[in-house]
Amino acid sequence: MARITINGVTIGPLRQSHALASASLVSEDASTSDYLHVQTTRIPSVQEKEQLAELGVAIHEYVPESTYLCGYRPADLGAVRALPFVAWADVYLEGFKIAPSFRPGGLQSDLAALAAPTAAMDSQEHAVDVVLHDDVDPEVDGVRQRIADAAGVSADDVQLTRNRMRLTLSGDHLGALRCTGAPHMLRSAIPGWRQPCVCSDC
């Protein structure tokens, strides 16, 4: 049974189906998120990808194992789950967004991290890379300002590249930051990354 690993958090959605349900991590519909995980029984054919697209599923990226992170605006999950090549489908869980490195000692199990993603957060300052979903443009719809507001910083303090923002914030703001919708994942800042220079004399 295939597992999913994102941002250092791993689950087996079929093997752990009862545990996920007991932790209230199984959604009846997709009304709470614009993003979806779809785990398939095989590599989808062109025709099968077209079937997904007809239901409003936009594949963004492959996630090991046998899973795709997708954009999805409709609320109905039943039609996606009913496709014969779909083994499992559910909304993108908020707990995947926060890397285990932000949890002191990494004491939470992966399932606990998904069920209560901010339960073990500290108030220390962290340099954070906010990796955005593929369909999020940080320059439009006030995305940069929303991220800054949730992090408790000025928008001028948010360094920006195509699909990633870097900022420094206290751990107790991570929960608000993950709930803005735009982040795909929050992880410790990668050393050496610089904001691209856009000035004419560089």
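Just so it is clear, the structure is predicted and the values come from calculations on it, not from any experiment.
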Nearest 0.5 Å, what's the [atom1]-[atom2] distance between [X] and [Y]?
| X | Y | atom1 | atom2 | answer |
| --- | --- | --- | --- | --- |
| D135 | N163 | CG | CG | 11.5 Å |
| Q145 | D149 | CD | CG | 4.5 Å |
| L186 | H126 | CG | NE2 | 11.0 Å |
| D134 | C70 | CG | SG | 10.5 Å |
| I59 | L52 | CD1 | CG | 5.5 Å |
| Q47 | K49 | CD | NZ | 11.0 Å |

Over all atoms of both residues, closest heavy-atom pair of [X] and [Y]:
| X | Y | answer |
| --- | --- | --- |
| A2 | Q39 | O-NE2, 3.6 Å |
| Y72 | G56 | CD1-O, 3.5 Å |
| A23 | A115 | CB-CB, 4.2 Å |
| I4 | V63 | CG2-CG1, 3.8 Å |
| G71 | Y35 | CA-CD2, 4.0 Å |
| D129 | S188 | OD2-O, 4.2 Å |

Got [X] and [Y] here, is their nearest side-chain heavy-atom distance under 4.5 Å?
| X | Y | result |
| --- | --- | --- |
| T40 | E48 | no |
| V9 | F96 | yes |
| P183 | R178 | no |
| Y68 | P44 | yes |
| E139 | L160 | yes |
| D157 | L167 | no |

Give the cluster check for [X] versus [Y]: same hydrophobic cluster or not, with ILVMFWY residues linked at side-chain heavy-atom distances below 4.5 Å.
| X | Y | value |
| --- | --- | --- |
| V26 | L83 | no |
| V128 | I6 | yes |
| W88 | V57 | no |
| V140 | V158 | no |
| V91 | V136 | no |

Is a side-chain donor or acceptor of R81 paired with a backbone partner of A89 at a separation under 3.5 angstrom?
-> yes
Judged by atom type as modelled, is there a donor-acceptor pair below 3.5 Å linking the side chain of T32 to the main-chain atoms of A30?
-> no
Assess whether side chain to side chain contact (heavy atoms under 4.5 Å, CB included) is satisfied between I98 and N7, documenting all intermediate values.
-> CA-CA 7 Å; I98 300 179; N7 209 17; 5.5 Å; no
Under 3.5 Å, is there a donor-acceptor pair linking the side chains of Y92 and H184?
-> yes
Candidate pair L177 and I147, rule side chain to side chain contact (heavy atoms under 4.5 Å, CB included), full reasoning = CA-CA 6 Å; L177 186 57; I147 294 290; 3.7 Å; yes
Please step through side chain to side chain contact (heavy atoms under 4.5 Å, CB included) for the pair D90 and H37, ending with a clear verdict.
-> CA-CA 5 Å; D90 213 324; H37 277 133; 5.8 Å; no
E28, CD: over 12 other non-hydrogen atoms inside 6.0 angstrom = no
